[in-house]
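Here is how names work: the chains are called A, B, and so on, in the same order as the sequence lines, proteins then strands, and each is numbered from 1.
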Amino acid sequence: MYWVLHVDLDQFIAAVELLRHPELAGRPVVVGGHGDPTRRGVVATASYAAREFGVHSGMPLRTAVRRCPDAVFLPADNPAYEAASEGVMAVLRGFGPTDGAVVEVMGWDEAFVGATTDDPEGLARRIREEVPEQTQLTCCVGIGDNLLRAKIATEFAKPPARDDGGAGAVGTGTFSLTAQNWDVVMGDRPTRALWGIGAKTAAKLAERGLHTVRELANGEPAALAADLGPSLGPWYVQLGRGLSRVQVRGEPWLARSRGREETFAADLTDWADVRAAAADLARKVAADVVAEGRPAARVGVKVRFAPFTTRTRSATLAEPTSDAATIEATVLDVLDRFTRRRPVRLVGVRAEFVTTDE
DNA sequence: TCTGGGGTCCTAGGACCC
DNA sequence: TCTGGGGTCCTAGGACCC
């Protein structure tokens, strides 16, 4: 039978940093931003010791340092995490020849592995042995009969979070979720527990009386289509039922867009500075486009005004191009279409590639 | 809690064409 | 001429995820 395994590396960023800084073991470590908690930035990862103080990812660094003044603050080192991640993905791909496994990467610290096997638990065990042996990084594995169930299964495989009150988490490193146990495991949980339902959607569903996964599963797709969108509405019901794509895609991922953005240490009040920042980002994005080897079809600019109002403007290029001067000039044209309202907190530039609709 | 950076996909309205 | 209906592209914004 075909099985989907979801591999999730434990504390990935913190683990990579600890490999480089073994002397920090056991200490509260906070990774994120420029590693300076007096500057703007948020926590990418907090070590378990830092979490004891209530520090968690997404929290502003300024808040983190207030909660845990003794923490070690490290800057995010994306190239290092990319390299470590690639090492893990190579190990996973190593199961291809022997197990017919296919790997679909979902970011630095996650991947789906699809394989036809009678012993998914055995494959999960071998992955949990081989990855640390080759990379010194540990992982949990969720087993499912599709991608959604495998992904959610991993939540139950992880060690229970301190603040989740042991809400059914078993934390043995592996967990299996299929059509057989979907309702008993997930039925009473809030819809927010589903991969793809966030706070906003959960609130909208709750307004319609759909609070739990079971209630959502029994929802009426047509009614939700009218309320929440022709495609999203029915999809949410499918999520409630635990249904999703079954086949793991092994083809290399092709980026749809490449972008860069920057939050300034202090808000920019002079539009000339905003233009200079946008031009700088445009040149970097153009270099990324060239590196990608595919021309950009469209460019977009994002401006976040103080205190936190975000606006976007975009333009389709006369023809797809990788030319830096054209991209930069178009970005500046688009930028000048913004209404200048407040000091500028952030500027972002994004290039979209020609859509390769299969 | 004064809220990063890198992405993906969906929606809805208007333009424009036949 | 007072007004249909479908299709597609463009654009801005929203929601979500890692």
On the nucleotide dT3(B), are OP1 or OP2 found under 4.0 Å from the side-chain N or O atoms that Arg345(A) carries?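 Yes, Arg345(A) has a side-chain N/O under 4.0 Å of OP1/OP2 on dT3(B).
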Does Arg304(A) make a cation-pi contact with Phe308(A), if we ask for NZ or CZ under 6.0 Å from the ring centre and within 45° of the axis?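 Yes, Arg304(A) and Phe308(A) form such a contact.
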Rounding to an integer number of angstrom, what distance separates dC16(B) and dG4(C) when you compare their C1' atoms?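 About 16 Å, rounded to a whole number of Å.
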For [X], answer base if it contacts any base atom (sugar-phosphate contacts may also be present), sugar-phosphate if it contacts only those atoms, and nothing otherwise; contact means non-hydrogen atoms under 4.0 Å.
X	result
Leu61(A)	nothing
Ala64(A)	nothing
Ile13(A)	nothing
Gly33(A)	nothing

What is the distance, to the nearest angstrom, from the [atom1] atom on [X] to the [atom2] atom on [N]?
X	N	atom1	atom2	value
Asp227(A)	dA15(C)	CG	C1'	17 Å
Leu194(A)	dA15(C)	CG	C1'	15 Å
Arg39(A)	dT3(B)	CZ	P	13 Å
Arg67(A)	dT3(B)	CZ	P	14 Å
Arg256(A)	dC17(C)	CZ	P	19 Å
Leu228(A)	dG14(C)	CG	C1'	13 Å
Met59(A)	dG4(B)	CE	P	14 Å
Phe308(A)	dG5(B)	CZ	C1'	12 Å

Considering only dC2(B), dT3(B), dG13(C), which nucleotide approaches the side chain of Thr63(A) most closely?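 From the listed options, dC2(B) comes nearest.
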Of the nucleotides dT3(B), dC16(C), dT1(B), which has the atom closest to the Lys200(A) side chain?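 Taking heavy atoms from C-beta onward, the closest nucleotide is dC16(C).
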Residues from residues 201-221 of chain A sitting under 4.0 Å of DNA chain B, heavy atoms only?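 Residues of residues 201-221 of chain A under 4.0 Å from DNA chain B: none.
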In residues 72-89 of chain A, which ones come under 4.0 Å of DNA chain B, going by heavy atoms?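 Those residues: none at all.
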Can you tell if the side chain of [X] reaches within under 4.5 Å of the side chain of [Y], non-hydrogen atoms only?
X	Y	answer
Leu24(A)	Leu74(A)	yes
Met186(A)	Leu177(A)	yes
Val344(A)	Trp271(A)	yes

With respect to Thr178(A), which candidate in Asn146(A), Val185(A), Asp145(A) satisfies the side chain to side chain contact (heavy atoms under 4.5 Å, CB included) definition?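 For Thr178(A), the side chain to side chain contact (heavy atoms under 4.5 Å, CB included) check succeeds only for Asp145(A).
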5′-ward residue of the pair Phe264(A)/Ala226(A) relative to DNA chain B: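 Counting from the 5' end, the first nearest nucleotide belongs to Phe264(A).
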I need a per-nucleotide contact map over nucleotides 6-11 of chain C, read 5' to 3'. Cutoff is protein heavy atoms under 4.0 Å; write B for the base, S for backbone only, - otherwise. ----SS
In the structure shown, which nucleotide is the Watson-Crick or G-U wobble counterpart of dC18(B), with both distances under 3.5 Å?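 Here dC18(B) is engaged in a pair, and the nucleotide opposite it is dG5(C).
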Quick one: do Arg20(A) and Glu17(A) make a salt bridge, cutoff under 4.0 Å?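 Yes, Arg20(A) and Glu17(A) are salt-bridged.
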